[in-house]
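Remember, it's a predicted structure, so these values are computed and weren't measured experimentally. We name chains A, B, ... by the order of the sequence lines, and we start the count at 1 in each one.
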Amino acid sequence: MTVRTRIAPSPTGDPHVGTAYQALLNYAYARKHGGAFVLRVEDTDRARSTRASEAAILRSLRWLGLAWDEGPDVGGPFAPYRQSERIEACREVAERLLGGGKAYRDFGEDAGGAYAIRLRTPETGRIALPDRLRQDLSKDWESVDDPVLLKSDGFPTYHLANVVDDHLMEITDVIRGEEWIASLPKHLLLYETLGWDPPSFWHVPLLRNNDKNRTKLSKRRSPTSIDFYRQAGFLPEALLNFLGMLAWTRAEGEEKFTLDAFVEHFELGSLSLAGAVFDTEKLAWLNGRYLREDYDPRELAGLLRNWRFDDHTLEAAAGLAQPRMRTLGDFGPLASLFFTDETPRDPDDLAGSLEPSEVAEWLLLAEWALEDLPEFTGEAVHQALRALSESLGVKLRKFTRPLYVALSGSASSTPLFGSMVLLGSAMTRMRLRRARSALGGVPRRREKELETTHRQRA
RNA sequence: GUCCCCAUCGUCUAGAGGCCCAGGACGUCGCCCUUUCACGGCGAAAACACGGGUUCGACUCCCGUUGGGGACGCCA
């Protein structure tokens with residue numbers, strides 16, 4: 001049987017490096033075995049999925065050089081490759097299970113009569129969980145609740161969509177994060193009830209934050225957006241190489257390798273099962289090697305032009321700096337924030353005469369406000385930040401001062417909103433986050449409180 | 001809390017019972033090169049979580065403890 005693997009990202013946010021990591025493993029496994037690598041968009045969350053996010057994810061993965069053989073953009077024999085366009089199959093399956101008494105309606109607390117469809121799971125017994133990376137996994141049915149198959153909005157959940165689509169697309173190997181181990185019984189039960197052969201499962205360890213506890217990589221704690229790394233000036237081949245390095249190092253000791261070399265030598269079965277910390281220090285070192293070893297100065301200049309020294313960026317930066325320029329030479333210092341990854345963040349500069357802990361909270365709230373923007377435009381940023389300062393009862397001028405410093409390292413710089421837009425959402429939020437941690441951060445407990453009120457407002 | 005998973009230097013890893021008083025890489029420190037810095041070269045410090053087994057022999061196998069992570073959503 002031809003090997004078929006897939007990456008099934010959910011288009012609900014920034015392109016995540018964890019997605020890229022799993023895409024790499026799926027890609028490598030398929031290539032190594034002469035099979036096909038499929039990209040399927042798992043847009044089953046109607047409220048959070050966006051086309052913008054989908055486009056960003058596809059663009060990022062392509063930027064990294066992970067070409068898929070079948071997908072929503074390139075088509076293929078198992079089209080469509082967008083879950084929302086194939087919900088009929090899921091609904092049929094759900095109805096069939098309902099009719100056969102394998103599933104039941106759950107009206108929950110909905111008074112309007114809308115219901116979800118849940119799969120009936122056994123009450124007793126224990127199920128063996130086949131995993132190609134681990135030995136003898138199992139779980140008591142008692143600890144597995146009845147999964148929702150079809151939500152009351154008529155959309156399938158991941159559990160259903162995933163199984164149905166993997167079956168219909170003839171996926172042979174599901175290589176996914178180990179966060180799914182707990183859900184494996186539900187998926188296996190579906191395969192069994194439907195009379196389908198389940199694929200092989202490989203649950204790969206999650207990438208971790210470089211924090212004290214090594215929690216799973218999250219945007220709250222680390223830069224996780226592939227866009228961030230691109231904008232910070234990392235090369236796609238370096239990022240991809242780094243991701244590969246987390247899974248495999250060659251015996252000869254050389255850690256710089258191409259995608260092809262990774263495909264050729266990497267053995268999924270020998271993957272280390274401990275979650276690797278995403279260490280940006282090593283990534284930076286590797287990136288430096290690519291810059292030094294693979295490009296002559298002329299090519300490097302081309303890289304720079306592609307990165308930020310293009311006409312559009314230069315013109316936008318010039319426009320922002322212009323009112324503050326007396327000589328052309330003033331441009332360098334004024335616009336340096338657009339052409340650097342690191343900006344100075346001195347806690348005293350950031351807080352000024354204000355309370356550092358309070359400023360840290362402002363930065364956190366600003367970060368969330370910007371994160372929620374559907375469109376990252378000057379006007380949208382302006383409105384969001386003004387609304388936030390009003391809700392805090394702080395004058396906008398006072399509120400934005402620390403933001404300037406967070407962005408540029410200086411209180412006197414180019415206009416804030418325009419600068420944010422030019423820097424882009426991922427980079428802007430990263431700088432706010434770094435400034436926040438320079439200020440001592442926001443205590444976890446307080447962050448939860450703020451999150452609750454933030455959620456209510458949103 | 002319940003269930004599940006994991007465990008080699010600070011970090012990424014090599015190690016598939018003797019080759020290991022544990023190898024490489026990042027980071028750190030020192031020296032060299034050098035008009036500075038960086039690069040490069042050389043070197044140093046730095047780990048088998050702990051306790052029991054099994055075995056002639058355990059980093060490697062088994063059990064327990066501890067630690068960490070993940071899942072407990074009509075999110076994926």
Side-chain angles (χ1 to χ4, degrees), chain A residues 7-13 16 18-19 22 40-49 53 83 94 105-110 114-119 126-127 129 131 133-162 176-187 203-218 241-257 267 269-289 291-293:
Chain A
I7 180 75
S10 166
T12 54
H16 198 283
T19 305
Q22 280 167 29
R40 183 178 70 228
V41 176
E42 208 80 37
D43 54 348
T44 52
D45 186 337
R46 211 160 49 158
R48 294 195 304 146
S49 296
S53 168
Q83 224 299 312
R105 295 186 176 87
D106 179 0
F107 291 85
E109 284 157 27
D110 193 302
Y115 59 88
I117 296 179
R118 284 183 187 270
L119 181 68
R126 198 166 173 83
I127 179 172
L129 307 175
D131 179 295
L133 291 171
R134 277 159 268 255
Q135 299 288 311
D136 305 322
L137 300 192
S138 62
K139 198 163 166 57
D140 282 322
W141 277 116
E142 198 186 5
S143 67
V144 181
D145 54 12
D146 293 352
V148 169
L149 264 23
L150 218 56
K151 298 178 249 185
S152 54
D153 66 0
F155 271 67
T157 57
Y158 170 88
H159 300 304
L160 212 218
N162 175 258
R176 60 179 6 174
E178 66 181 357
E179 62 206 298
W180 291 108
I181 292 178
S183 303
L184 226 203
K186 300 173 180 178
H187 303 161
H203 291 96
V204 303
L206 269 14
L207 262 24
R208 313 284 186 94
N209 291 306
N210 192 8
D211 58 6
K212 188 170 177 293
N213 280 344
R214 267 80 246 245
T215 46
K216 94 167 164 177
L217 194 62
S218 66
N241 187 158
F242 175 69
L243 255 12
M245 190 190 276
L246 296 180
W248 170 71
T249 39
R250 36 196 336 169
E252 316 88 86
E254 175 56 285
E255 303 204 87
K256 186 177 169 213
F257 48 77
E267 289 295 339
S270 61
L271 184 70
S272 166
L273 295 181
V277 170
F278 192 91
D279 177 14
T280 49
E281 271 302 320
K282 195 158 184 176
L283 168 60
W285 162 78
L286 226 207
N287 199 67
R289 279 195 61 186
L291 245 27
R292 259 174 261 127
E293 298 170 8

Shortest non-hydrogen contact between A:Leu207 and A:Gly18, atoms and distance |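 Closest pair (atom of A:Leu207, atom of A:Gly18, distance): CD2-CA, 4.1 Å.
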Atom of A:Met245, atom of A:Trp285 and distance for their closest heavy-atom approach =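 In terms of heavy atoms, the two residues are closest at CE-CZ3, 4.3 Å.
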For [X] and [N], give me the distance from atom [atom1] to atom [atom2], rounded to whole Å.
X	N	atom1	atom2	answer
A:Asn210	B:C26	CG	C1'	12 Å
A:Asn241	B:C26	CG	C1'	13 Å
A:Leu217	B:C12	CG	C1'	14 Å
A:Leu246	B:A25	CG	P	18 Å
A:Asp279	B:C12	CG	P	8 Å
A:Phe155	B:G73	CZ	C1'	18 Å
A:Trp248	B:G15	CH2	C1'	16 Å
A:Phe242	B:U13	CZ	C1'	12 Å

Tell me which nucleotide among [options] gets nearest to the side chain of [X].
X	options	answer
A:Arg208	B:G69, B:U11, B:C12	B:G69
A:Asp145	B:G24, B:C72, B:G69	B:C72
A:Glu281	B:G27, B:C6, B:U13	B:G27
A:Thr249	B:G24, B:A25, B:C4	B:G24
A:Ile181	B:G27, B:U13, B:C4	B:C4
A:Ala276	B:U13, B:C3, B:G10	B:U13
A:Ala274	B:C12, B:C6, B:C3	B:C6

Between A:Thr280 and A:Asn210, does a side chain to side chain contact (heavy atoms under 4.5 Å, CB included) hold up when you go through it step by step?
-> CA-CA 9 Å; A:Thr280 49; A:Asn210 192 8; 6.0 Å; no
Using only atom types and a distance under 3.5 Å, with no angle test, would you say the side chain of [X] pairs donor to acceptor with the backbone of [Y]?
X	Y	value
A:Arg118	A:Asp146	yes
A:Asp140	A:Arg126	no
A:Asp153	A:Ala114	no

Which is true for A:Leu137 with a 4.0 Å heavy-atom rule: it touches a base, it touches only sugar-phosphate, or it touches nothing?
->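 Result for A:Leu137 = sugar-phosphate.
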So what does A:Leu129 hit on the nucleic acid, given a heavy-atom distance under 4.0 Å: a base, only sugar-phosphate, or nothing?
->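 Nothing, no nucleic acid heavy atom in range.
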For the [atom1] atoms, the ones on [N] and on [M], what distance do you get once it is rounded to whole angstrom?
N	M	atom1	answer
B:A47	B:G24	P	14 Å
B:A22	B:U13	C1'	13 Å
B:U2	B:C21	C1'	44 Å
B:U28	B:U66	C1'	29 Å
B:C48	B:U55	P	26 Å
B:U34	B:C50	P	47 Å
B:A45	B:G27	C1'	13 Å
B:C20	B:C39	P	32 Å

Looking at A:Lys256 and A:Glu254, does any basic side-chain N land under 4.0 Å from a carboxylate oxygen?
->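 Result for this pair is no, no salt bridge flagged.
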Between A:Lys282 and A:Asp279, does a salt bridge (Lys or Arg N to Asp or Glu O under 4.0 Å) hold up when you go through it step by step?
-> CA-CA 6 Å; A:Lys282 195 158 184 176; A:Asp279 177 14; over 6 Å; no
Got a second to check how far A:Ser138's OG is from A:Asp131's CG, nearest 0.5 Å?
->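 Going from the OG atom of A:Ser138 to the CG atom of A:Asp131 covers 12.0 Å.
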Spatial distance of atom OG1 (A:Thr157) from atom CG (A:Leu150) [nearest 0.5 Å] |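 Here the interatomic distance stands at 8.0 Å.
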Nucleotide forming a Watson-Crick or wobble pair with [N], both distances under 3.5 Å:
N	value
B:G1	B:C72
B:G67	B:C6
B:A44	B:U28
B:A22	none
B:C37	none
B:A14	none
B:G57	none

Under 3.5 Å, which protein N or O atoms sit close to an N or O of nucleotides 38-47 of chain B? Give each pair with its distance.
| from | atom 1 | to | atom 2 | distance (Å) |
| --- | --- | --- | --- | --- |
| B:C39 | O3' | A:Arg292 | NH1 | 3.4 |

Protein N or O to nucleotides 74-76 of chain B N or O, pairs below 3.5 Å:
| from | atom 1 | to | atom 2 | distance (Å) |
| --- | --- | --- | --- | --- |
| B:C74 | OP2 | A:Arg118 | NH2 | 3.0 |
| B:C74 | O2 | A:Ser152 | N | 2.6 |
| B:C74 | O2 | A:Ser152 | OG | 2.7 |
| B:C74 | N3 | A:Ser152 | OG | 3.2 |
| B:C75 | OP2 | A:Lys151 | NZ | 2.9 |
| B:C75 | O2' | A:Asp45 | OD2 | 2.8 |
| B:C75 | O2' | A:Arg48 | NH2 | 3.1 |
| B:A76 | OP1 | A:Thr44 | OG1 | 2.8 |
| B:A76 | OP1 | A:Lys151 | NZ | 2.6 |
| B:A76 | OP2 | A:Tyr158 | N | 3.3 |

Is there a side chain to side chain contact (heavy atoms under 4.5 Å, CB included) between A:Leu119 and A:Lys186 once you walk through the steps?
-> CA-CA 8 Å; A:Leu119 181 68; A:Lys186 300 173 180 178; 5.7 Å; no
5'-most contact on RNA chain B: A:Ser143 or A:Glu255, nearest heavy atom basis?
->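 Checking each residue's closest nucleotide, the 5'-ward one belongs to A:Ser143.
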Are the side chains of A:Val204 and A:Leu133 in touch, meaning some heavy atoms are under 4.5 Å apart?
->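 A side-chain contact under 4.5 Å exists here.
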